[in-house]
Amino acid sequence: MRLATLIAGRNPAVLGGLLVLQDHQGARQFASQRIVAVSGQLLLAPDAEQQKRLVVSEAKAFQRMLARSATSVGAIWSADVRRGSLESQIAAEADAWDITIIGHRPLHRRRGAVVALSFAPEVETSVSRVAEHVAEQFDTVVEKSKIPGLDDIGGFLEYINRINALAVVLDAEVARPGGFHRIAELLAVARCPVILLRSRSVLPRLQHLVHIPSAKPEG
Amino acid sequence: MVQDGKPVAKSLKPDALRRTFDPSRLGFATTDEVSEPDGFPGQARAIDAMTLSVRMGLRDFNVYVLGTEGFGRHRAVRRILEAEKTSRPSPPDWVYVNNFEFPHRPRALKLPSGSAVVLRRVMQDMIDDLGNDIPALFESEEYQTQRGVLEQEFGGRHEAELGAFADKARAEDVALIRTPLGFVLAAMIDGEVVQPASFDDLDEETRKKIEQKIAKLQEELAVVLRNAPKLEKEHRHRLAQLHAEMAERAVSERLAEVAQSVPSDPAISAFLEAVRRDIIENAELFLAAAGRERGDGPFPGAIVKYHLLPEFERYQVNVMISHDPARETGAPIVEEDLPSMSHLVGRIEHVSEQGALRTNFTLIKPGSLHRANGGFLVIDARHILMEPFAWDALKRCLKSQEISITSMADRVSLISTVSLEPEPIPLDLRVVLVGDRRLHALLSILDPEFQELFKIQADFETDMPRTDGNAAELTAQIALLARQNDLRPINAAAVARLLDEAVRHAGDAEKLSLETSLLSDLACEANHYAGEAGRSTVLLEDVEQAIDMNDKRSARIRERMQEAILRETILIETAGRAVGQVNGLSVYSLGRARFGRPSRITARARMGAGKLIDIEREVELGGPLHSKGVLILSGYLSATYALDVPISLHASIVFEQSYGGVDGDSASSAELYALLSALSGVPISQTLAVTGSVNQRGEVQAIGGVNEKIEGFFDICNERGLTGDQGVLIPASNVEHLMLRPDVVEAVRAKKFSVIPVATIDDGIEVLTGKSAGRRGKDGEFAKGSLNGLVEVTLRDFAETRRAFGVRDTSEEKRS
């Protein structure tokens, strides 16, 4: 949510939030299954009912946080909850929004670098710009990675699996069509938020308005 | 003295009544020619005592300067201390600094004289410099690089472990799913997570295998996640080390500069080392402050006084006392005129923060003990005894030889708040306590610690013998007072008149009063009159005028009393004779003003049971000394007359028209004369007044205020018109105390008034009655017709009458 507030605050924005309820949200497969808490404690995994209640609570909290963030930057906001696969939802939203941030709960307080992953030179600038802005606000550095295409992402995934990253920024165009399963994969191994840019809409804007006066009738 | 069978009063000659100073013998024309006195005339004992106290190096030889106000004690103290201070070295400076280990126990540092303010300033400069240096270091590329490496290293280690685990889990067809509560390890089949409902459909063996696999992986994951705090801790430790290394460079350099600016001293070195360690440990303070203070504007704060910020108070130097050798030489002299506890020992102030009272070492304030440490402290005894806990605090510090700061609130346990226990500062001090004799006596009796701590007393004389040498010294003192008060030069005649006043004030013609404040006041007033008259020198007439006006200003009550007598509201006879009645004399004191006044004393006698009633005592208007005097009369009577019969007298004595208290025995001779007159039936001349106490042997003893008493009666007689047979009987032993007013002396010279010394009651009664007192002859009887003889006859008659009354009474009883 901090990333969303940060990015939305830079430009006048509509802030949308989507909570994706996947088929498997961590509900208990078998009785002795445990949840491993971030502290290392083993907790009893919730059953379906408990899971349902958690989800409802999560949705409410998500909406509250979204509203607060949007209000703080003067953005209009909307919130939605949908059931389905993460991959298909990402694909849909990345098409509809200029910037899609796929969130991930932090594992620890230490901030890593913002990783700017670029594929094509012409969008490198916007990816870098967003990555630098985020890095500056979080007082961290930008690491730039470049790969030819999403199919070559295997090596990057191995890399990102091993490093502490604050967020990964990349162009959503590279995942079209049918590449969003790799984005889901990236999210799982990066264990940090992934920021998808719809590159065409984040090109630099004119800094000044050009006023073209209307023609005056002579005579 | 008896002449031609009649007693003759031997009046004193005029020369004996007032011995004045001869201006021509003083040896100067005006005080401009008189050099300043070497010391303090007549105060050798006190000056020697004080000098001993201030020169002795040993503790507890503090001095109590006792005497009366106005006799130059404070001036003498000041002069002696000023002379002594230069022989002592300038004492060290003292500061309080933070005790980084135990902040509630600030450390006291002893520093060379004059270096405390230097240390404070260089420390402030150092903090201001470090406020810029340390943030700059942390913004440097070197730090950023090292920090980045550190972050990457530790971030990578944790992620690497987690990543390796995730790979392993994936390889075993187990998905690692992040949920709100943590991680769930879920079984996968064909790359898809198995739904809970579907899991139940699996065969038992498969389920069991999956469960075992997941259970094992859960434990492994728990171990990986539990490692995170350890990694965090290690990260923090390495980061702290990095910060310490960065800060060390800046701090050490600046501290080296500080060390060069201050004297080399182990205490300072230890303090600077503690500062160095603390700054390195708390370098983040500088980063946070810099971030806050610099601001984002076009001109970020280039000059920030970091040392003023609250978070850097810990590095301040609280200067308690600093001596500037360039401006102050020798030991300090402090005169504390408000010796309250906090003014003496200092205080710890508090500030209110969100409703709570907080304090720290910067809020310790010094007291006069701090300022005088190494030197001298002068305190008025009455003032310090009036301040709650102040005397106790002073004694405590003197006994422990340390200045420990406590507050009144602590002493009475009124408030419970965060407070400090500052390290006590060693005390090396000589205390000069100035007070009156009564306080000294009370302290000596009631405070056992007083004599231990104030072993020396400097007892200031109130007068000195009247010699040419002492007169010259007092003259020099007058000249000094004139210069100090910027007065006109005083001529010899005026100085002689002032010396006469000094004699008068001493109440003894053989003494000179040392109450220099009196002479100073008269000189100042005379100077004023000289100025009004347009003179450049103070003359005799100016001093006379000052004396007269001084007298007039305090004469209202005296004049009212005189008026009452002259108008016969108060009955006082100055002519004729009366039995059992005599003019007694008393003196009234109101501040410096004293005046005498006659009082009628009457006695009545009859046969009785041997009781002598002092009416004043009966109504509790008589003080114990007066009662003692009357009882002595009783002793005299019973030992002198009718020794072979019981005393069968019932007599009463009273001060007529006296409605206030009466004390002292100076009227006991007058009372005895009245009683003898009442017993003998011989009248007493009312043209005379009497003063003098009497003992059981009939000897008339000296009294005080003889001059005022004589003048009191003289004034009444003078107002009514002197007849030539009026006068005052005084004890012979008071003759050397006479220093009467010039107009009284002139009246005596013109034989219009007399001052008659008497040594015994017999002498006195003869003058008062004109009848011979009588002596016992060989037959043991007084001469017939003598006054004593008549008294004895009366007493025997009383005894006989009483005896006859007793016999008759017994017979009547028997008959009935």
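Predicted model only: the values in this text are computed from it and were never measured. Letters A, B, ... mirror the listed sequences (proteins, then strands); counts begin at 1.
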Checking [X] against chain A: side chain, backbone, both or neither under 4.5 Å from a heavy atom?
X: Ile214(B); answer: side chain
X: Asp200(B); answer: side chain
X: Arg157(B); answer: neither
X: Ala215(B); answer: neither
X: Leu162(B); answer: both
X: Ala187(B); answer: both

Atom [atom1] of [X]: over 12 foreign heavy atoms under 6.0 Å:
X: Glu311(B); atom1: CD; result: yes
X: Gln41(A); atom1: CD; result: no
X: Glu284(B); atom1: CD; result: yes
X: Arg249(B); atom1: CZ; result: yes

Taking all atoms of both residues into account, what is the closest heavy-atom pair of [X] and [Y], and its distance?
X: Ala166(B); Y: Asn161(A); result: CB-OD1, 4.4 Å
X: Ser39(A); Y: Arg226(B); result: O-CG, 3.5 Å
X: Ala222(B); Y: Gly40(A); result: CB-O, 3.3 Å

Gap separating the [atom1] atom of [X] from the [atom2] atom of [Y], nearest 0.5 angstrom:
X: Leu42(A); Y: Gln218(B); atom1: CG; atom2: CD; answer: 6.0 Å
X: Asn164(A); Y: Glu159(B); atom1: CG; atom2: CD; answer: 5.0 Å
X: Leu181(B); Y: Leu43(A); atom1: CG; atom2: CG; answer: 7.0 Å
X: Arg34(A); Y: Leu217(B); atom1: CZ; atom2: CG; answer: 15.0 Å

With sequence neighbours excluded, tell me which residues meet side-chain hydrogen bond (donor to acceptor under 3.5 Å, both in side chains) with Thr71(A).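 Residues passing side-chain hydrogen bond (donor to acceptor under 3.5 Å, both in side chains) with Thr71(A): none at all.
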Chain B heavy atoms under 4.5 Å from [X]: which part of the residue, side chain, backbone, both or neither?
X: Ile163(A); value: backbone
X: Val189(A); value: side chain
X: Ala188(A); value: neither

Within a strict 4.5 Å, meaning less than it, do heavy atoms of the Arg178(B) and Val38(A) side chains meet? yes
Looking at Leu225(B), Val223(B), Val184(B), which one forms a side chain to side chain contact (heavy atoms under 4.5 Å, CB included) with Val36(A)? Leu225(B)
What option among Gly163(B), Gly182(B), Pro229(B) has the most heavy-atom pairs under 4.5 Å with chain A? Gly163(B)
Does a side-chain N-to-carboxylate-O contact under 4.0 Å join Arg162(A) and Asp167(B)?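 Yes, this pair counts.
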With salt bridge (Lys or Arg N to Asp or Glu O under 4.0 Å) as the rule and sequence neighbours excluded, what pairs involving residues 56-65 of chain A come up?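 Sorted result for residues 56-65 of chain A: Glu58(A)-Arg105(A).
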